[in-house]
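Before any comments, here is the structure.
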Amino acid sequence: MASLTNILTTASLSRWIPIEIMISGGISITLILAAWLWSFVTVFSRPAPALLRSGIVFPLTNPIALIILAVLDFRACRVPLALYLTATVLFLSGGAIGHHRESQRYERYLTQLQEAGGRLDLADWRAPDVADPENVWGHPFLKPLAEAAKSTGQGQTRGFNPTYKRLSAPPIPLRTIVYDKQLMEQAINGPRFLHERSVAYLIKTDPQRADSDLPKTWPPYARLIFEHYVSGEDDFQKLREAALRPQDVFPLEWERGYDLSLPQLKTVKNFTLSTALRAIAQAINGNSDKAFQELMLTFRLATLSQQDLLISRLVQIAQVNTTLQAIHAGQQFHLWDDTQWQAIDQRLADLQLPDLLADALRGERFISHIHLSQIIQSSNLTAMSKSSFLNAYPNESGETRSKALIQGTEAFLGNHLRALLIRQWTEALRGYEEMIQQAELAASNLRTQPWMNQAMTLKYSGPKGYGIIGSMVLPAFGNALSRVLNEQARIELTRVAIALERYRIEYGRYPDEIHTVFEEFKQIRPQDPMTLGAWQYKRDSSGGFKLYSVGRNGRDDKGAFTPASWKGNKDDLEWSILGDEPPIPRVTINRSRSGRGQSAED
């Protein structure tokens with residue numbers, strides 16, 4: 001038995017099936033096969049009814065036919081019956097032992113993780129109690145979002161909360177507004193960012209407006225944005241009052257596991273989009289102080305209620321990217337003085353997205369742990385079959401059959417299923433820990449190594465490495481690092497652009513060589529973090545400049561950035577400022593799709 005255990009331990013199958021269940025199951029199957037063969041020989045060596053012989057032949061009906069035959073001749077059937085009984089006892093015992101031992105291993109591993117700072121206790125995640133007058137989410141304007149997080153109704157916790165409709169940005173119908181390809185290759189372009197939303201609003205209010213009749217100067221586009229938000233001025237003031245409160249404690253109910261509600265994410269993301277558009281519109285109109293106030297509010301919204309969850313951090317990346325669009329517009333129209341640019345740079349310096357990734361993975365691990373622990377600790381299989389065919393019967397008789405089936409399955413397979421689930425989750429936890437360690441290592445390496453070489457990859461792939469659960473959820477986390485690094489590189493790029501602007505304010509022009517800026521502003525990263533080579537910089541004849549990073553692929557694509565789905569994908573991160581007022585983008589309105597389909601935010 002010991003040698004058999006050693007052999008099975010080395011098999012990859014044992015990484016996700018408990019050894020006790022493998023051994024007891026293998027022996028039980030052998031005994032059942034022996035019982036079937038013995039009964040087969042027994043019944044065909046003596047006279048027996050044809051129906052009984054047919055029942056003996058088929059393995060599923062064999063035990064029932066054997067019991068009937070035992071009533072007629074018990075002595076002839078005692079050996080196969082004994083084999084069946086032994087197989088049943090052994091199978092059930094293997095499940096009980098497997099469940100007990102897997103539970104012990106699981107508890108030991110949880111203890112190890114907790115001692116290592118794994119944050120697997122609910123107390124580690126509960127937010128402190130904060131009085132409503134101090135808390136952003138205690139403000140009457142935002143409190144509906146906090147209340148929605150406590151609701152069990154799914155309908156009111158998804159999407160943009162209709163309470164805040166007046167603060168919603170103009171939606172862009174998909175594939176309706178078409179720009180020149182070259183313009184779309186500029187990932188950061190504040191004026192175009194506003195232009196697209198303004199045109200979307202114009203399409204909605206004036207569906208017959210021809211492409212050639214679009215405004216030819218920037219102020220009308222700014223007015224369209226203000227016109228869209230004219231009914232929401234009071235709400236923007238309430239939002240500002242709420243955001244300026246000192247405490248930001250959103251009441252998440254972590255104990256709900258996968259049922260955790262995050263109703264604030266999409267709503268606050270849309271707030272960020274709206275305040276950024278207003279900042280750009282104020283920049284176009286030359287209102288320096290108002291544009292700066294809107295930008296500071298945008299910064300605040302980009303950091304509000306950012307929980308240690310991957311989805312929350314990905315939403316924050318989108319919010320930060322939106323904020324950068326407003327900063328770009330402010331530089332393009334040369335709005336702010338050195339003090340204001342210094343304040344903006346400090347806000348950006350505080351954003352270190354890679355340092356947040358490991359805790360976001362811990363949060364993902366915790367809600368999975370909470371959900372699966374509730375199943376593991378349940379006294380029956382009902383919790384394990386909530387979404388399965390076992391509870392799919394719509395009528396009362398069906399519910400009775402369902403309960404009976406669950407009870408029967410619980411009695412025969414309950415321990416086996418729990419043992420399997422515990423083993424699967426334990427292996428997934430090991431994968432989570434490996435991903436967390438890689439995220440921490442990557443964040444540490446970013447200070448000395450090229451970002452283009454950083455990755456989070458699992459040692460194993462497929463179910464054999466981290467079980468079925470791990471193979472389903474873990475690979476997706478590896479892509480998160482790439483998104484985080486791209487956005488952090490944009491932040492670093494923006495800080496260099498701000499240094500260039502502060503240089504222009506002091507000397508009246510942008511420098512001919514970028515190293516001059518790093519001598520003046522030593523807090524700025526002097527190298528492209530993706531390669532640790534020089535930033536790509538060129539001052540143009542109009543008095544502006546083009547600055548870019550070569551991106552994760554390490555290839556100089558002359559500043560172009562295209563979606564991954566485009567042929568010849570380019571991933572440079574560009575920041576260009578024109579010496580003159582930017583031209584109005586050329587755009588084509590696809591009338592066949594205008595007003596149809598989803599918006600770009602859906």
Side-chain angles (χ1 to χ4, degrees), residues 12 15-16 105-122 124-125 252 254 257-258 260 262 265 306-318 351-373 376 421-489 529-530 552 564:
S12 61
R15 291 186 63 87
W16 55 286
R105 295 189 189 105
Y106 177 62
E107 292 299 329
R108 285 197 299 269
Y109 186 62
L110 290 182
T111 301
Q112 292 174 7
L113 284 179
Q114 192 68 8
E115 290 175 350
R119 299 178 66 191
L120 289 173
D121 192 279
L122 186 59
D124 297 329
W125 294 90
L252 289 184
W254 291 95
Y258 289 151
L260 179 71
L262 300 167
L265 287 184
Q306 295 302 331
Q307 309 294 334
D308 286 329
L309 286 170
L310 194 57
I311 181 61
S312 184
R313 295 304 174 191
L314 293 177
V315 168
Q316 184 179 24
I317 286 174
L351 290 173
Q352 298 296 324
L353 301 178
D355 293 343
L356 306 174
L357 184 55
D359 278 340
L361 294 177
R362 288 188 178 93
E364 295 291 333
R365 178 176 66 183
F366 178 72
I367 61 171
S368 298
H369 168 66
I370 286 290
H371 191 83
L372 290 169
S373 293
I376 290 169
L421 180 59
I422 292 171
R423 168 58 67 88
Q424 292 289 317
W425 180 230
T426 302
E427 292 302 318
L429 283 174
R430 297 184 194 280
Y432 268 108
E433 187 62 17
E434 184 178 326
M435 295 292 280
I436 290 168
Q437 290 174 0
Q438 288 197 32
E440 291 176 331
L441 179 62
S444 176
N445 289 342
L446 297 184
R447 296 170 177 83
T448 58
Q449 298 180 14
W451 294 10
M452 60 179 288
N453 297 332
Q454 302 303 314
M456 292 195 308
T457 55
L458 293 167
K459 184 184 300 182
Y460 304 103
S461 61
K464 70 177 183 180
Y466 303 99
I468 296 175
I469 297 176
S471 67
M472 290 191 297
V473 301
L474 293 175
F477 296 151
N479 297 328
L481 179 63
S482 180
R483 297 184 65 176
V484 166
L485 292 183
N486 276 342
E487 197 59 32
Q488 190 63 42
M530 290 298 185
R552 289 271 283 170

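Nothing fancy with the numbering, it's 1 onward along the sequence.
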### Query
Can you list the steps and then say if Arg430 with Glu427 is a salt bridge (charged side-chain N to carboxylate O under 4.0 Å, His left out)?
CA-CA 5 Å; Arg430 297 184 194 280; Glu427 292 302 318; 3.8 Å; yes
### Task
Please report the C-alpha distance between Leu262 and Leu309 in whole Å, then the side-chain angles of each, then the deciding distance to 0.1 Å, and finally whether the side-chain contact (heavy atoms from CB on, under 4.5 Å) criterion is met.
CA-CA 10 Å; Leu262 300 167; Leu309 286 170; 4.0 Å; yes
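In plain terms, the two heavy atoms of Gly470 and Pro475 that are nearest each other are O-CD, 3.6 Å. Scanning both residues, Arg362 and Glu440, for their nearest heavy atoms gives NH2-OE2, 2.6 Å. Heavy atoms only, all atoms of each residue included: Asp308 and Trp254 are closest at O-CH2, 4.2 Å. Gln488 and Leu351 get closest at one heavy-atom pair: NE2-O, 3.0 Å. Annotation for Gln424 and Ile469: closest pair OE1-N, 3.6 Å, computed over non-hydrogen atoms. Closest of all the heavy-atom pairs between Tyr106 and Thr426 is CD1-OG1, 3.5 Å.
Put simply, the side chain of Met530 reaches to within 4.5 Å of the side chain of Asn486, judged on heavy atoms. When side chains are defined from C-beta on, Glu364 counts as touching Ile367, because their heavy atoms get closer than 4.5 Å. Using a 4.5 Å heavy-atom cutoff, the side chains of Leu481 and Gln438 are not in contact. Using a 4.5 Å heavy-atom threshold, the side chains of Arg365 and Arg119 count as separate. In this structure, Arg483 and Arg313 have side chains that are not in contact, with every pair of non-hydrogen atoms separated by 4.5 Å or more. Using a 4.5 Å heavy-atom threshold, the side chains of Leu260 and Ile370 count as separate. Looking at heavy atoms from C-beta onward, Leu485 lies in side-chain contact with Leu446 at the 4.5 angstrom threshold. Between Tyr432 and Phe366, the closest side-chain pair of non-hydrogen atoms is not below 4.5 Å.
Note that the OG atom of Ser373 and the CG atom of Leu120 stand 8.5 Å from one another [nearest 0.5 Å]. With rounding to the nearest 0.5 angstrom, the CG atom of Asn453 is 10.0 Å from the CG atom of Asn445. To the nearest 0.5 angstrom, Leu361 atom CG is 11.5 Å from Gln437 atom CD. For the atom pair CD of Glu434 and CZ of Phe477, the computed distance is 13.5 Å after rounding to the nearest 0.5 Å. Atom-to-atom distance recorded for Leu314:CG and Glu487:CD is 11.0 Å, nearest 0.5 angstrom.
Under the side chain to side chain donor-acceptor pair (under 3.5 Å) criterion, Gln307 pairs with Ser305, not counting sequence neighbours.
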